[in-house]
Amino acid sequence: MNLELPIVENPLIRCYLHHAHTLGIILNNKNAELWVLSHFLQLYSIDSGAVKLDFYIDPYNYECLDRGYINYFYLCNQSNIHKFIQEALKNNYYVLCLVDEFYLHQMQAYQKLHFDHWLLIYGYTGSSYMSIGYTKRLIYEKYEVELDIFDVAIKRNYGITLYRVKDDYKFYYDKVLAQELLHDYVYGINSSLKHRIFKEPIHGKFGYKVYEFLQEELKSSVNHKYPYILYEHKKCVLDFLQRYCSNKNIISQYKEVVDQSTVLKNMYIKESIFGIKVDRTTIANKIEMLKNMELDILKSII
């Protein structure tokens, strides 16, 4: 028996798996794209951790998601794992777990290094699970993990998380939230301070100050994911302007910001992925130019 839940193969935000996976689930729903575009308008950076620059949003705790978690001590028996996963899928829950990509032939780490990464399961066949993610081709695409390989690759000590969109959730574009997030971005306000009743604030750079983070990081490494996040952010800001700014000249100017963020992204990819050295001064100047161009435009209307 085969079972396949719907999954969006090209979600709006997909630089990181933790965004691509959850958005791939919710974007199947009416008006979900509007919801996404009003939530992804603030950035932050921190000096340590696996993810140092990202959107200010918790991708695993969206209010629209019905979320469950099964602790590792329930997963000792392999047959129970498969039964549990397949029952979850039958009840329209997507399954997220951690696997060692050393064992997955579709991945760059295959037989080279042990690398723990998230696996999203959206369906199964008689012999494999259906998943989606970045493969060794550096493309976000569908692939299958054989059941016997899954038994070896899964990291049981991290448990299993389940997601599905709440049946009664109504997606909409939250204009007030979008305005607040974009205001915080333009003026470098730490948005997490507003939510400290729920969790400890983030100690880092917020909003346009992430450009400073990029300049500092550039001294030691070139990570193509950071300008990719920047580029995805510019696309969301442009969408906001196209909705609520009547000044066509402003919109035209901001399209140039998007174009320049694409150029910056490609400069990083050229070195980070293809190994072609790019002059650091050229990149640093592009970062500074992009920051000044963007702020000049946004401060004139926000």
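For this chain, numbers begin at 1 and follow the sequence in order.
- Side-chain contact, Thr135 with Gln106: no donor N or O sits under 3.5 Å from an acceptor N or O.
- Side chain of Ser261 to main chain of Val258: a donor-acceptor pair is present (N/O by atom type, distance under 3.5 Å, no hydrogens or angles).
- The aromatic ring centroids of Tyr62 and His39 lie 6.0 Å or more from each other.
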Identify every side-chain donor-acceptor pair in residues 287-302 under 3.5 Å, counting partners at least two apart or on other chains, and give the distances.
residue : atom : partner : partner atom : Å
Glu288  : OE2  : Lys291  : NZ           : 3.3
Asn292  : ND2  : Glu288  : O            : 3.3
Glu294  : OE1  : Tyr185  : OH           : 2.6
Glu294  : OE1  : Tyr211  : OH           : 2.8
Glu294  : OE1  : Lys234  : NZ           : 3.1
Glu294  : OE2  : Lys234  : NZ           : 3.0
Glu294  : OE2  : Tyr254  : OH           : 2.6
Ser300  : OG   : Ile297  : O            : 2.5

- Kindly determine whether Ile26 and Tyr169 satisfy side chain to side chain contact (heavy atoms under 4.5 Å, CB included), including the steps that lead there. CA-CA 11 Å; Ile26 74 168; Tyr169 192 83; over 6 Å; no

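- Side chain of Ser45 to main chain of Phe213: no donor-acceptor pair is present (N/O by atom type, distance under 3.5 Å, no hydrogens or angles).
- At most 12 heavy atoms of other shown residues, nucleotides or ligands fall within 6.0 angstrom of atom CZ in Phe198.
- Rounded to the nearest 0.5 Å, atoms CG (Leu96) and CG (Leu119) are 7.5 Å apart.
- Contact between Ser38 and Leu181 at its shortest, heavy atoms only, is O-CD1, 3.8 Å.
- Taking the ring axis of Tyr231 as reference, the NZ or CZ atom of Lys265 stays within 45° of it and closer than 6.0 Å to the ring centre.
- For the atom pair NE2 of His117 and CG of Leu17, the computed distance is 4.0 Å after rounding to the nearest 0.5 Å.
- A 4.5 Å side-chain heavy-atom check between Asn223 and Glu217 finds every atom pair outside the cut-off.
- Under the 4.5 Å side-chain criterion, counting only non-hydrogen atoms from C-beta, Asn247 is not in contact with Gln253.
- Using modelled atom types and a 3.5 Å distance limit, the side chains of Tyr44 and Asn190 yield no donor-acceptor pair.
- Ring pair Tyr173/Tyr244 is tilted by interplanar angle, where 30° to 60° counts as tilted.
- Evaluated for a side-chain contact (heavy atoms from CB on, under 4.5 Å) with Leu53, the options Ile229, Leu230, Ile46 yield exactly one hit, Ile229.
- Ile7 and Val145 fall within a single hydrophobic cluster, where Ile, Leu, Val, Met, Phe, Trp and Tyr side chains are chained together by heavy-atom contacts under 4.5 Å.
- Between the Asn28 side chain and the Pro6 main chain, a donor and an acceptor come within less than 3.5 Å of each other.
- Separation of the His224 and Tyr228 ring centroids does not fall under the 6.0 Å cut-off.
- If you take CH2 on Trp35 and OH on Tyr172, they are separated by 10.0 Å, rounding to the nearest 0.5 Å.
- In this structure, the side chain of Ser131 does not engage the main chain of Ile121 through any donor-acceptor pair within 3.5 Å.
- Applying the side chain to side chain donor-acceptor pair (under 3.5 Å) test between Asp184 and each of Gln179, Gln42, Lys194 identifies Lys194 as the sole match.
- Annotation: side chain of Leu98 is in contact with side chain of Trp118 (closest heavy-atom distance under 4.5 Å).
- Side-chain atoms of Asn91 come within 3.5 Å of backbone atoms of Glu87 as a donor-acceptor pair (strictly under, hydrogens ignored).
- Residue Lys225 places its NZ atom among 12 or fewer non-hydrogen atoms of other residues, nucleotides or ligands, all under 6.0 Å distant.
- Between the side chain of Lys136 and the backbone N or O of His105, at least one donor-acceptor pair lies under 3.5 Å.
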- Task: Apply salt bridge (Lys or Arg N to Asp or Glu O under 4.0 Å) to the pair Arg243 and Asp239, showing each step before the final yes or no.
- Result: CA-CA 6 Å; Arg243 291 176 190 278; Asp239 175 83; 2.7 Å; yes

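- Side-chain atoms of Gln215 come within 3.5 Å of backbone atoms of Ala284 as a donor-acceptor pair (strictly under, hydrogens ignored).
- Put simply, the side chain of Met267 does not reach to within 4.5 Å of the side chain of Val222, judged on heavy atoms.
- One finds no salt bridge joining Glu216 and Lys205 here, because no Lys/Arg side-chain nitrogen approaches an Asp/Glu carboxylate oxygen to under 4.0 Å.
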Only pairs under 3.5 Å count here: list side-chain donor-acceptor contacts from residues 107-115, not counting sequence neighbours, and write none if there are none.
residue : atom : partner : partner atom : Å
His114  : ND1  : Asp100  : OD2          : 2.6

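- A 4.5 Å side-chain heavy-atom check between Lys30 and Phe171 finds every atom pair outside the cut-off.
- Phe55 and Leu193 fall into different hydrophobic clusters, where Ile, Leu, Val, Met, Phe, Trp and Tyr residues are linked whenever their side-chain heavy atoms come under 4.5 Å apart, directly or through other members.
- One hydrophobic cluster, built from ILVMFWY side chains closer than 4.5 Å, cannot hold both Val263 and Phe274; they sit in different ones.
- Cluster membership for Ile81 and Met1, using ILVMFWY side-chain heavy atoms within less than 4.5 angstrom, is shared.
- Looking at Asn92, its side chain never comes within 3.5 Å of a backbone N or O of Leu5 through a donor-acceptor pair.
- Side chains of His21 and Tyr140: a donor-acceptor N/O pair is present below 3.5 angstrom, by distance only.
- Taking both residues in full, the closest heavy atoms of Pro227 and Tyr268 are given as CG-CG, 3.3 Å, listed atom of the first, atom of the second, then distance.
- Of the possible donor and acceptor atoms, none in the side chain of Ser272 sits under 3.5 Å from a partner among the backbone N and O of Ile269.
- Taking 4.5 Å as the limit, some side-chain heavy atom of Glu33 sits within range of a side-chain heavy atom of Leu27.
- Separating the CG atom in Leu162 from the CG atom in Asp66 is a distance of 9.0 Å, to the nearest 0.5 Å.
- Taking the charged nitrogens against the carboxylate oxygens, Asp259 and Lys255 have no contact shorter than 4.0 Å, which rules out a salt bridge.
- Side-chain atoms of Arg14 do not come within 3.5 Å of backbone N or O of Gly24 as any donor-acceptor pair.
- Note: Leu241 CG to Leu182 CG = 7.0 Å, rounded to the nearest 0.5 Å.
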**Request:** Might you work through the side chain to side chain contact (heavy atoms under 4.5 Å, CB included) test for Lys270 and Asn266, ending with a clear yes or no?
**Result:** CA-CA 6 Å; Lys270 186 176 181 179; Asn266 291 339; over 6 Å; no

Quick one, His18 with Val51, criterion side chain to side chain contact (heavy atoms under 4.5 Å, CB included). Give me CA distance, side-chain angles, the key distance, then yes/no. CA-CA 10 Å; His18 55 259; Val51 178; 3.9 Å; yes

Legend entry - Stepwise side chain to side chain contact (heavy atoms under 4.5 Å, CB included) test for Phe40 and Leu12: CA-CA 10 Å; Phe40 283 77; Leu12 294 171; over 6 Å; no

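- Under the 3.5 Å distance criterion, with hydrogens and angles disregarded, a donor-acceptor pair is assigned to the side chains of Tyr129 and His82.
- Using a 4.5 Å cut-off on side-chain heavy atoms (C-beta onward), Glu144 and Phe150 make no contact.
- Residues forming a side-chain hydrogen bond (donor to acceptor under 3.5 Å, both in side chains) with Gln86 (at least two apart in sequence, or on another chain): none.
- Both Tyr163 and Tyr122 sit in one connected hydrophobic cluster of ILVMFWY residues. Membership requires side-chain heavy atoms under 4.5 Å apart, directly or through other members.
- Atom NZ of Lys142 sits about 8.5 Å away from atom CE of Met130, to the nearest 0.5 Å.
- The side-chain heavy atoms of Tyr60 and Thr161, taken from C-beta on, include no pair separated by under 4.5 Å.
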